[in-house]
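Only one structure is covered here, and it is reproduced in the block below.
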Amino acid sequence: MLLNSFELLKRLKSLGYIKDERDPFWWPNSGSFEVVIGAILTQNTKWEKVELALSNLKKYFGDIEVEKVAQIDQKILSELIKPAGFYNTKAFRIKKISQNILNDFESFENFQKKVSRYWLLNQKGIGKETADSILNYACYKDFMVVDSYTARILKIAGYEFEDYDELQDFLTAGIFENLDKIYEFYNKEIELNQIYARFHGKIVDFCKEHYKGKNREEKVKKLLFI
Ligand code: 39A
């Protein structure tokens with residue numbers, strides 16, 4: 001029986017997640033405006049499709065910067081992000097949030113320092129998972145992302161949660177209560193934002209490798225919980 005989220009973190013770490021070649025915060029180019037775009041693009045689609053859309057944006061813009069995205073023609077933006085699906089809706093959301101970042105914070109650097117979850121949740125089409133992804137991976141703040149993979153593997157361990165917040169509380173409580181042990185296995189003190197970032201990354205990378213095909217629940221159960 002899994003007692004808390006720390007045990008899941010420990011198990012995933014002992015299985016070798018995250019692989020060393022990843023960004024230290026797992027999300028590629030963490031701490032950049034590109035993550036804001038990636039977090040919106042990744043809604044209702046596979047990451048591999050997001051990568052294609054991001055690659056189109058990089059070919060078009062060079063570096064993906066908020067000032068450039070705020071000014072782009074929305075039809076051109078839709079074409080560039082087409083591989084990620086729902087491209088008209090996503091193009092509208094991406095252009096709008098870019099303009100709002102500049103209007104309310106003047107620069108991406110100010111946005112990183114000052115943005116709140118409340119501000120993000122008031123943007124069109126930004127729900128809790130997208131907001132927490134932006135807060136953690138683009139702004140390096142202490143928010144743990146919850147996604148459907150996390151809910152699925154915890155269900156296999158016998159846990160079901162009412163909603164996003166309850167699951168998030170379960171994840172963060174297990175971390176918070178075991179910080180000393182986490183520092184021990186990392187051999188150093190590691191910031192909470194990075195622990196959350198890497199924990200979510202471990203869950204996603206593990207699920208992409210093992211939560212698939214026939215008997216996936218059984219496979220995951222054997223690897224993680226027996
Ligand atoms: N589903 C995902 C991902 N899968 C991902 N990576 C792999 C790197 N990111 C950053 C977000 N969502």
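For ligands, and for the atoms within them, numbers begin at 1 and follow the listed sequence. The structure presented is a predicted model; accordingly, all values stated were derived computationally and were not measured. Atom set for the values below is all heavy atoms of this structure, side chains included, hydrogens, waters and symmetry mates excluded. Numbers for residues simply follow the sequence, beginning at 1.
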Whether the E177 and N4 side chains hold a donor-acceptor pair (N or O, under 3.5 Å, no angle test) is what I'd like checked. no
Under 3.5 Å, sequence neighbours excluded: what are the donor-acceptor pairs made by side chains of residues 79-87?
from: E79; atom 1: OE2; to: K82; atom 2: NZ; distance (Å): 3.4

Could you tell me whether K128 and D165 make a salt bridge, using a distance below 4.0 angstrom between a side-chain N and a carboxylate O? yes
Under-4.0 Å salt bridge between E106 and K114: no
For ligand 1, protein residues within the heavy-atom limit of under 4.0 Å are R22, W26, W27, P28, T42, W47, V204, K208
Report the relative orientation of the aromatic rings in H210 and Y17; use parallel for angles under 30°, tilted for 30 to 60°, perpendicular for over 60°. perpendicular
With a cut-off of under 6.0 Å to the ring centre and 45° to the axis, is K13 in cation-pi contact with Y186?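 Flagged: K13 positioned over aromatic ring of Y186.
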